[in-house]
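Let me begin by presenting the structure, written as structure tokens, before commenting on it.
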Amino acid sequence: AQTVTQSQPEMSVQEAETVTLSCTYDTSESDYYLFWYKQPPSRQMILVIRQEAYKQQNATENRFSVNFQKAAKSFSLKISDSQLGDAAMYFCAYRSAGAGSYQLTFGKGTKLSVIP
Amino acid sequence: EPEVTQTPSHQVTQMGQEVILRCVPISNHLYFYWYRQILGQKVEFLVSFYNNEISEKSEIFDDQFSVERPDGSNFTLKIRSTKLEDSAMYFCASRGGRGAVVRHYEQYFGPGTRLTVT
């Protein structure tokens, strides 16, 4: 079974600075997808960024980028120019690429605080 | 942008009672999910539903749980006889499927229902 580990329960960052959230995972599969979800205090989880395991290029979405290290099974999220609205819980998630229901396996989350 | 909605936002029930948690997925989505998050723990997959039947379920989803799409718009999770350990946040999610034009892979989550069993 796949597992996802987020070793940082809480992080803080100064507004306009850069922060990196860590995620490692364990799988025996070679093809899969990785996601970062954001859960603001309103509690609706929103997809931030997605990475396909077969792609070597790291995904980027505006101020959000990932560092995907397949051999190390590491998938960190970098937030540049942090804004107050980035304060939220961030969840790393894994999904198999095989046929199936596309269920997500989540880490425990990292609570990010942004200091003005 | 379309959203997944869930009602109620908070449900308090006594141990042994039945509860039904309701979700309205995004209207043209085909795949539906329930997840739960016990306070301080991971978000865990419960069940997925497609074409009016369960496609996958986790070991958490035992005989006390059931899901239904009664009217083509709502998607419900029923817990027959609640236990204290069922207290959690329950999230519904939906996904478009391959026929969707954009981002068929993405699961859209609702805001959750906090279930408290006393």
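FYI, side chains are in, hydrogens and waters are out, and symmetry mates aren't considered; it's all heavy atoms of this structure. These figures come from a predicted structure and were not determined experimentally. Lettering of chains follows the sequences in order, A, B, ..., and the numbering in each one begins at 1.
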- Can you say whether the rings of B/Phe109 and A/Phe106 are parallel (under 30°), tilted (30 to 60°) or perpendicular (over 60°)? perpendicular
Is there a path of hydrophobic side-chain contacts, each under 4.5 Å between heavy atoms, that joins [X] and [Y]?
| X | Y | value |
| --- | --- | --- |
| A/Leu84 | A/Tyr90 | yes |
| B/Phe75 | B/Leu115 | yes |
| B/Val24 | B/Tyr31 | no |
| A/Val13 | A/Phe64 | yes |
| B/Tyr33 | A/Phe91 | yes |

Rounded to the nearest 0.5 Å, what separation is found between the [atom1] atom of [X] and the [atom2] atom of [Y]?
| X | Y | atom1 | atom2 | answer |
| --- | --- | --- | --- | --- |
| A/Leu47 | B/Tyr108 | CG | OH | 8.0 Å |
| A/Met45 | B/Tyr35 | CE | OH | 8.0 Å |
| B/Gln107 | A/Phe35 | CD | CZ | 7.5 Å |

- Look at the side chain of B/Lys42 and the backbone N and O of A/Val4, then say whether any donor-acceptor pair between them is shorter than 3.5 Å. yes
- Query: CG of A/Asn62: more than 12 outside heavy atoms within 6.0 angstrom?
  - Reply: no
- Task: Step through the shown structure and confirm whether more than 12 heavy atoms of other residues, nucleotides or ligands are within 6.0 Å of CZ on B/Arg22.
- Result: no
- Side chain / backbone / both / neither for B/Gln6 at chain A, heavy atoms under 4.5 Å: neither
- Check whether any side-chain heavy atom of B/Phe45 sits under 4.5 Å from a side-chain heavy atom of A/Thr105, and report yes or no. no
- Would you please test B/Phe91 and A/Gln44 for side chain to side chain contact (heavy atoms under 4.5 Å, CB included) and show each step? CA-CA 9 Å; B/Phe91 294 102; A/Gln44 197 133 9; over 6 Å; no
- Task: Just do the side chain to side chain contact (heavy atoms under 4.5 Å, CB included) check on B/Gln37 and A/Gln39 with the steps written out, would you?
- Result: CA-CA 12 Å; B/Gln37 184 182 24; A/Gln39 188 184 41; 4.2 Å; yes
